[in-house]
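Attaching a single structure in structure tokens format; questions to follow.
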Amino acid sequence: MTTIQATDQFTMKAFGRIPLIEVQGHNCTCTDETGKTYIDMGSGIGCNVLGWCNDAWVDAVCGQVKKLQHACNYYYTQPQAELAEKLAKATGFKRMFLGNSGAEANECAIKVARKYSSDKYGKERGTIISLVNSFHGRTIATLAATGQDVFHQYFYPFPTGYVFAKANDINDLKSKLDGTVCGIMIELIQGEGGVCALDPEYVMAVKQICDENDIILIIDEVQTGCGRTGAFLAQQLYGIQANVTTMAKGIGGGLPIGICLVDEKCENVITPGTHGSTFGGNPVVCAGACAVLDTVTAPGFLDNVKEKAAYLRSELEQIPDIESLSGIGMMIGMKLKTKDAHDVMLAANDAGLLVLTAKDKLRLLPPLTITKEEMDAGLSILRKVLA
């Protein structure tokens with residue numbers, strides 16, 4: 001059987017796959033089994049933040065897997081401790097829980113908000129407000145917290161305790177404050193919802209509401225975190241710090257990770273027995289994440305990301321069939337004038353460029369290490385496809 005035949009026959013049909021078999025890659029260029037090369041401007045939906053097989057990341061992962069591949073969380077490991085200390089210093093958060101995905105990190109965040117409120121006010125104060133058009137994961141709880149009707153089918157009954165407010169409409173959010181709210185959960189850029197950034201004034205108003213009402217502010221940075229916007233966390237661009245922040249995707253460099261970070265208010269909420277994970281904090285994953293963190297926080301790295309993002313956006317703005325750009329930094333949504341984004345994605349793939357979609361937009365999430373030569377090569381393909 002071929003790779004495609006075996007995959008299609010023996011795995012669940014959960015994905016609308018493109019018939020491309022990725023074999024190997026370096027930085028922003030990958031090769032399929034026929035030897036054809038592709039410029040990758042999707043980075044595995046933002047996971048390969050240092051590109052394919054970054055040398056420092058590979059050395060860290062391979063070195064660790066030869067020493068200790070797994071340890072249960074009854075015990076301590078050096079890579080987990082190193083990652084936690086470095087990440088606390090890079091973000092200003094006090095403590096964190098290490099899991100395996102963005103959905104897991106968001107589940108932990110919901111539990112933190114509800115337990116904080118339960119400990120302080122009792123069990124009746126457990127509602128989570130999230131935003132219309134949001135996406136927070138594919139577990140039952142994070143689907144319930146996702147503000148898109150298309151995800152609210154098939155898997156009934158969904159957990160209760162979630163309500164949705166319109167993004168950038170502070171009055172609508174205020175109308176949902178009925179005394180039962182324990183947390184407000186937002187993405188600063190709604191990635192799967194169309195790469196839509198929240199207005200800074202709205203975000204500041206949400207933060208003020210949370211502070212005044214002792215509501216836990218959760219910011220989902222699964223896609224925006226780890227340098228994607230030109231800051232290590234997008235909330236740094238907005239001038240705030242959440243009570244709880246979630247990370248995943250890029251911080252793992254391509255291995256599964258999910259992180260729930262908490263501030264002083266929430267640092268003692270989770271206690272032994274109230275949360276857990278078999279594989280969370282895996283030493284191999286943590287070693288790779290340390291290499292990612294060291295690279296992204298090195299002097300000048302994020303300034304370089306901003307410069308590359310500005311160049312990429314300026315070039316995209318000159319393409320006639322692109323009507324407008326959205327997002328921040330290296331998280332780019334493109335509204336097209338005449339063409340269907342999904343059709344363009346498939347055509348670009350055939351031409352040697354890997355891109356993504358988000359609703360009706362074409363989407364780019366390039367590796368932060370993408371070179372100017374790789375950007376130019378990808379832009380050249382995109383121009384031809386859109387022409």
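Note that the coordinates shown come from a computational prediction; the quantities given were computed from them, not determined experimentally.
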Name all residues meeting the side chain to side chain donor-acceptor pair (under 3.5 Å) criterion together with K265; count only those two or more places apart in sequence or in a different chain, and write none if there are none.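 By the side chain to side chain donor-acceptor pair (under 3.5 Å) rule, K265 matches D214.
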I'd like to check S175 versus K166 (side-chain heavy atoms, cut-off strictly below 4.5 Å). Are they in contact?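 A side-chain contact under 4.5 Å is absent here.
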Contact list for residues 22-35, test salt bridge (charged side-chain N to carboxylate O under 4.0 Å, His left out), sequence neighbours left out: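 Qualifying pairs: none.
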Is there a path from F97 to I216 through hydrophobic residues (I, L, V, M, F, W, Y) whose side chains come within less than 4.5 Å of each other?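 Each belongs to a different hydrophobic cluster.
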Going by the rule side chain to side chain donor-acceptor pair (under 3.5 Å), which residues pair with T29 if we only count those two or more places apart in sequence or in a different chain?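 Testing T29 for side chain to side chain donor-acceptor pair (under 3.5 Å), a comparison that skips the adjacent residues, returns E374.
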Around K94, counting heavy atoms of other residues, nucleotides and ligands shown, do more than 12 lie under 6.0 Å from its NZ?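 Open.
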In Å, rounded to the nearest 0.5 Å, how long is the span from CE of M375 to CD1 of I39?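 Reported to 0.5 Å precision, the distance equals 11.0 Å.
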Given 3.5 Å as the limit, does a donor-acceptor pair link the side chain of T246 with the main chain of N106, or not?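 No, T246 side chain to N106 backbone: no donor-acceptor pair under 3.5 Å.
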Applying side chain to side chain donor-acceptor pair (under 3.5 Å), name anything that partners R114, two or more places apart in sequence or on another chain.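 By the side chain to side chain donor-acceptor pair (under 3.5 Å) rule, R114 matches no residue at all.
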Co-members of L143 in a cluster of I, L, V, M, F, W and Y side chains, linked at under 4.5 Å: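 Under the 4.5 Å side-chain rule, L143 groups with F135, I140, V150, F151, Y154, F155, Y156, F158.
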Output yes when a side-chain donor or acceptor of S326 lies under 3.5 Å from a complementary backbone atom of V195, and no otherwise.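 Such a contact is found between S326 side chain and V195 backbone.
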What about the rings of Y162 and H152, do their centers lie closer together than 6.0 Å?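 No, the ring centres sit 6.0 Å or more apart.
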Please report the interatomic distance CG(L302) to OG1(T229), rounded to the nearest 0.5 Å.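 Those atoms lie 8.5 Å apart.
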What ring pair (Phe, Tyr, Trp, His ring centres under 6.0 Å) pairs are there with at least one residue in residues 242-267, not counting sequence neighbours?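 Sorted result for residues 242-267: empty, none.
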With a 3.5 Å cut-off and no angle check, do the side chains of Q9 and Q5 form a donor-acceptor pair?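 The answer is no; no qualifying pair exists.
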List the atom pairs, donor and acceptor, that lie under 3.5 Å between side-chain atoms in residues 41-53 and the rest of the protein, sequence neighbours left out.
unit_1: S43; atom_1: OG; unit_2: G46; atom_2: N; d: 3.4
unit_1: S43; atom_1: OG; unit_2: L365; atom_2: O; d: 2.5
unit_1: W52; atom_1: NE1; unit_2: D40; atom_2: OD2; d: 3.1

What pairs of donor and acceptor atoms, side-chain ones from residues 340-348 against any protein atom, are under 3.5 angstrom apart with sequence neighbours left out?
unit_1: D340; atom_1: OD2; unit_2: H342; atom_2: N; d: 3.1
unit_1: D340; atom_1: OD2; unit_2: D343; atom_2: N; d: 3.0

Look at atom NZ of K359 and say whether more than 12 heavy atoms of other residues, nucleotides or ligands are closer to it than 6.0 Å.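 Yes, because the 6.0 Å sphere around NZ of K359 holds more than 12 heavy atoms from other groups.
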Only distances under 3.5 Å count here; give the side-chain donor-acceptor pairs of residues 273-301 to other protein atoms, sequence neighbours excluded, each with its distance to 0.1 Å.
unit_1: T274; atom_1: OG1; unit_2: T271; atom_2: N; d: 2.9
unit_1: T274; atom_1: OG1; unit_2: T271; atom_2: O; d: 2.6
unit_1: H275; atom_1: ND1; unit_2: K111; atom_2: NZ; d: 2.9
unit_1: S277; atom_1: OG; unit_2: N100; atom_2: ND2; d: 3.2
unit_1: S277; atom_1: OG; unit_2: G280; atom_2: N; d: 2.8
unit_1: N282; atom_1: OD1; unit_2: V284; atom_2: N; d: 2.9
unit_1: N282; atom_1: OD1; unit_2: V285; atom_2: N; d: 3.1
unit_1: N282; atom_1: ND2; unit_2: Q69; atom_2: O; d: 2.8
unit_1: D294; atom_1: OD1; unit_2: K86; atom_2: NZ; d: 2.9
unit_1: D294; atom_1: OD2; unit_2: K86; atom_2: NZ; d: 2.9
unit_1: T295; atom_1: OG1; unit_2: A291; atom_2: O; d: 2.9
unit_1: T297; atom_1: OG1; unit_2: L293; atom_2: O; d: 2.6

Would you list the pairs meeting ring pair (Phe, Tyr, Trp, His ring centres under 6.0 Å) in which at least one residue belongs to residues 2-44, sequence neighbours left out?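 Residue pairs passing ring pair (Phe, Tyr, Trp, His ring centres under 6.0 Å), neighbours aside: none found.
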Run through the side-chain heavy atoms of Ile, Leu, Val, Met, Phe, Trp and Tyr, join any pair under 4.5 Å, and report what else lands in Y121's cluster.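 Under the 4.5 Å side-chain rule, Y121 groups with nothing.
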Give a yes or no on whether K36 atom NZ has more than 12 heavy-atom contacts from other residues, nucleotides or ligands under 6.0 Å away.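 Yes, because the 6.0 Å sphere around NZ of K36 holds more than 12 heavy atoms from other groups.
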Tell me which pairs pass salt bridge (charged side-chain N to carboxylate O under 4.0 Å, His left out) where either residue lies in residues 304-319, with sequence neighbours left out.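 Qualifying pairs: E315-R383.
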Would you say T146's side chain and H136's backbone share a donor-acceptor pair under 3.5 angstrom?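 Judged by distance alone, yes, a pair lies under 3.5 Å.
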Mind checking whether L237 and L188 have side chains closer than 4.5 Å, heavy atoms only?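 When only atoms from C-beta onward are counted, L188 and L237 do not touch, as no gap falls below 4.5 Å.
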S314 backbone acceptor or donor facing Q318 side chain under 3.5 Å: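 Yes; at least one donor-acceptor contact below 3.5 Å.
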Transitive ILVMFWY side-chain link L198 to F164, under 4.5 Å: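 No, L198 does not connect to F164 through the hydrophobic network.
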Is any side-chain heavy atom of I328 closer than 4.5 Å to one of I189?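 Heavy-atom side-chain distance check passes, below 4.5 Å.
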